[in-house]
Amino acid sequence: MHQYISGLSAHEGQQATLKGWVYNMRVSKTNIFIELRDGSGFLQCVISLDEVGEEAFESAKRLSREASLSLTGEVIKDEKQIGGYELRVTSFEIYGQSPEFPIQANETVHGVRHLADRRHLWLRSKRQWAIMRVRNRVIMAIHEFFQEEGFVQMDAPIFTGNACEGTTDLFETDFFGQPAYISQSGQLYGEAMAMAQGKIYTFGPTFRAEKSNTPRHLAEFWMIEPEMAFYTNEMNMDLIEKFARFVVNSCLEKCKVELETLGRDTSRLEMVNKPFPRVSYDDSIKILRGEMDVEGKNAIAVQEKDLADAKVAIEEKKADIEAREKAIKAGMKKGPRKFNESKILALRSEIADLEELCRNIPGWIESAANFKHGEDFGDSDEKLLTRVFDAPVMVYNWPTKVKAFYMKEVDGDPDYVKGVDLLAPDGFGEIVGGSERETDLDVLLRKIKEHDLPMEEFEWYLDLRRFGSVPHSGFGLGLERMVRWVCDIHHLRETIPFPRRYGRLLP
RNA sequence: GGGUUCGUAGCUCAAUGGUGGAGCAACCGGCUGUUAACCGGAAGGCUGUUGGUUCAAGUCCAACCGUGCCCGCCA
């Protein structure tokens, strides 16, 4: 029986056997330092010449990154080490060598293409390890929350005959000789299941055939869709807030090591413990246009300040580069020179990012200032809006035109529906979309016609209104978007083990 | 689908139109209780493809192929 790094503190001062892979190693004359990873964590193992003898020591020198082995030795407390412990190896056995592993220990030196082509190996990198463990925590927290709240987990089908909301492009496939679609949402089925169990949630894969090429789209992703009988949209919002707070706090509590590995500023996540502001669509537009301030903050002015700050930062970084280049030219030993050269490279890439920001902000401001009532928010609009709040924001009461047919109209005002979007702060944008559902059969019949949807395919759905129709609400959460926010990852492709998106089917 | 950036060594990047360089990785040697970054050596290239301008093209022009980023669509 072997031990795992995560549970090693229980074996302090004792013998233990670990099995894993070489994440990184350093060789000296009498010691070999192996940074071992075993899936549960990372730990330094020291193979010393005195302990293992010359022959074994020589074979250990031939190890390389990602070689697999088992190591036996004494567990020693060492405050200097990352996990607080190290293993003094007395014997080891090599399973598999790993010559010329194509991804360096510092994965950030690689370009995205190189890494994406090697996703099956990239997953072994420290950052990816941390992200996947946060993903696991998010998934488990979601189940914990809903199970605790009395929800029943039920699955919507993946093959469907209808195009649900009728807007998005679906993947078409052959279902025993007849055309079928791969599900883009379990929403309508969720409603049927909620009428059977009261409170349910689905948790499954979802597919969108849009040729979207952005950091926040995948062709295949995982969605969680709770649906609650006898819930109004206000109750829906209460639940969304409680839910998001629970999931994020669970990650903060149980993924400290992972979030630290990722360099996540957790104080930004702790914002979830403040009340989530609730803003009507109409008010959110006023904020966007700069016509309404939030606690003294004006959305347009904030952007203008961001732009000015970015410009100043660019000049500072350019001056920094110039000074370093001058110092290098004036003569410098190799060590400091290398340090400064790599610093210059980092500064250049920071400048490139800032310059892009400078190119983008004016467009964002223009888009926000000229925002027309009745439009859906663009990504930049979400960015501007969330920038003035100190917590995730819920925007409710949306124009009927931009939302799906099944959303319930606001009482006495059919131009608006009781939809709600949860926008995460710091530019992460829409995490959750939900609504109270239309309960009136006649209104639904009218909406389905207006949206030009095939009535016969919705007959079963309409039955839900014919037999004991009740007020009900629900929402959908994009798992990867939640993980992206919690981990502060720029691109969704790093939040799922094997991303499927436009132009990417392998590995 | 629209806009834009870029394709140079295995990787990440340099190179006022004038003899293509560096760091990392890999290889060899030295140092070292080290923790991405020690010291030295040698090695690594038809500069994405095709065509054009020029005495001269990695650099300028055109087309194509590929990639990144931004927008649209959404979770």
Side-chain angles (χ1 to χ4, degrees), chain A residues 23-35 42-46 48 64-65 78 80-82 86 88 99-118 126 165 167-169 184-185 187 206-219 221-225 325 328 333-346 348-349 352-353 355-357 359-361 363-364 367 375-382 402 404 421-424 428-434 475-482 484-485 490-492 502-504:
Chain A
Y23 190 69
N24 209 356
M25 64 185 283
R26 285 159 288 278
V27 178
S28 82
K29 200 160 208 161
T30 53
N31 288 305
I32 296 171
F33 302 97
I34 291 176
E35 189 183 355
F42 295 78
L43 181 90
Q44 171 158 290
C45 303
V46 185
S48 68
S64 58
R65 295 202 53 237
D78 183 350
K80 276 196 307 184
Q81 301 305 326
I82 291 165
E86 73 171 16
R88 301 272 166 84
E100 297 189 36
F101 190 72
I103 299 170
Q104 297 184 26
N106 178 10
E107 64 179 290
T108 58
V109 304
H110 294 287
V112 287
R113 176 68 191 273
H114 181 83
L115 292 169
D117 284 344
R118 293 158 185 79
K126 207 174 263 184
E165 305 177 20
T167 48
T168 41
D169 294 324
Q184 60 130 9
S185 166
Q187 151 81 50
T206 304
F207 307 88
R208 302 276 164 90
E210 290 137 356
K211 291 175 179 173
S212 297
N213 192 14
T214 84
R216 57 195 182 285
H217 286 89
L218 292 169
F221 62 98
W222 288 71
M223 191 150 69
I224 296 88
E225 294 179 288
E325 279 174 341
I328 289 171
K333 282 191 176 176
K334 195 176 177 184
R337 196 184 75 220
K338 272 169 62 180
F339 175 81
N340 278 290
E341 279 169 349
S342 71
K343 196 80 192 168
I344 287 170
L345 278 182
R348 276 190 184 139
S349 117
D353 288 348
E355 280 174 340
E356 188 168 312
L357 194 64
R359 277 196 299 275
N360 287 333
I361 288 180
W364 296 349
S367 155
E375 286 177 0
D376 204 352
F377 289 165
D379 186 55
S380 68
D381 303 317
E382 290 177 354
V402 301
D421 282 2
L422 176 69
L423 307 179
F428 289 98
E430 187 179 346
I431 298 285
V432 164
F475 63 90
L477 166 82
L479 174 65
E480 286 76 15
R481 287 190 173 178
M482 179 61 118
R484 175 181 180 236
W485 170 37
H490 176 251
H491 203 297
L492 225 44
Y502 187 54
R504 174 64 66 180

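Atoms considered below: every heavy atom in the structure, side chains included; atoms not considered: hydrogens, waters and symmetry mates. Quick note on labels: first sequence line is chain A, next is B, and so on, each numbered from 1.
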Find the distance [X]:[atom1] to [N]:[atom2] and express it as a whole number of Å.
X      : N     : atom1 : atom2 : answer
A/D376 : B/G72 : CG    : P     : 10 Å
A/I34  : B/G33 : CD1   : P     : 17 Å
A/E375 : B/G72 : CD    : P     : 10 Å

Quick check for you: among [options], whose closest atom lies nearest to any side-chain atom of [X]?
X      : options             : value
A/M223 : B/A75, B/U32, B/C73 : B/A75
A/E210 : B/C73, B/C70, B/A36 : B/C73
A/H490 : B/U32, B/A37, B/C69 : B/C69
A/H110 : B/G33, B/C11, B/C74 : B/C11
A/L492 : B/G33, B/A75, B/C73 : B/A75
A/T214 : B/C11, B/C73, B/G33 : B/C73
A/F221 : B/A75, B/G33, B/A26 : B/A75
A/R113 : B/U32, B/U67, B/C71 : B/U67
A/R208 : B/C71, B/C74, B/U32 : B/C74

All stems that RNA chain B takes part in, i.e. 3 or more consecutive Watson-Crick or G-U pairs with distances under 3.5 Å, are B:1-4 with B:68-71, B:10-13 with B:21-24, B:27-30 with B:38-41, B:48-52 with B:60-64

[atom1] atom, [N] versus [M]: distance in rounded Å?
N     : M     : atom1 : value
B/C11 : B/G45 : P     : 13 Å
B/A15 : B/G58 : P     : 15 Å
B/C60 : B/U16 : P     : 11 Å
B/A57 : B/U19 : C1'   : 14 Å
B/A26 : B/A43 : C1'   : 10 Å
B/G17 : B/U53 : C1'   : 12 Å
B/G3  : B/A42 : C1'   : 48 Å

At less than 3.5 Å, do the side-chain atoms of A/S212 and the base atoms of B/C73 form a donor-acceptor pair?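 Pair found.
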
Checking only heavy atoms, does the side chain of A/E86 share a donor-acceptor pair with the base of B/G33 at less than 3.5 Å?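 Yes, the side chain and the base share a sub-3.5 Å donor-acceptor pair.
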
Applying salt bridge (charged side-chain N to carboxylate O under 4.0 Å, His left out), name anything that partners [X], two or more places apart in sequence or on another chain.
X      : value
A/D117 : A/R113, A/R504
A/E430 : none
A/E480 : A/R135
A/R216 : A/D379

Using the six-membered ring for Trp and the full ring for Phe, Tyr or His, decide whether A/F33 stacks on the six-membered base ring of B/G33 (centres under 5.5 Å, planes under 30°).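 A stacking contact does not exist, since A/F33 is not both close and nearly parallel to the base ring of B/G33.
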
When you match A/W364 and A/A219 each to their closest nucleotide on RNA chain B, which lands nearer the 5' end? A/W364

Assign each of A/A105 and A/S64 to its nearest nucleotide of RNA chain B by heavy atoms, then name whichever residue's nucleotide is nearer the 5' end. A/S64

Per-nt protein contacts along nucleotides 3-10 of chain B (heavy atom under 4.0 Å; B base, S backbone sugar-phosphate only, - none) come out as -------B

For A/Y23 and B/U35, is the shortest distance between a side-chain N/O and OP1 or OP2 below 4.0 Å? no

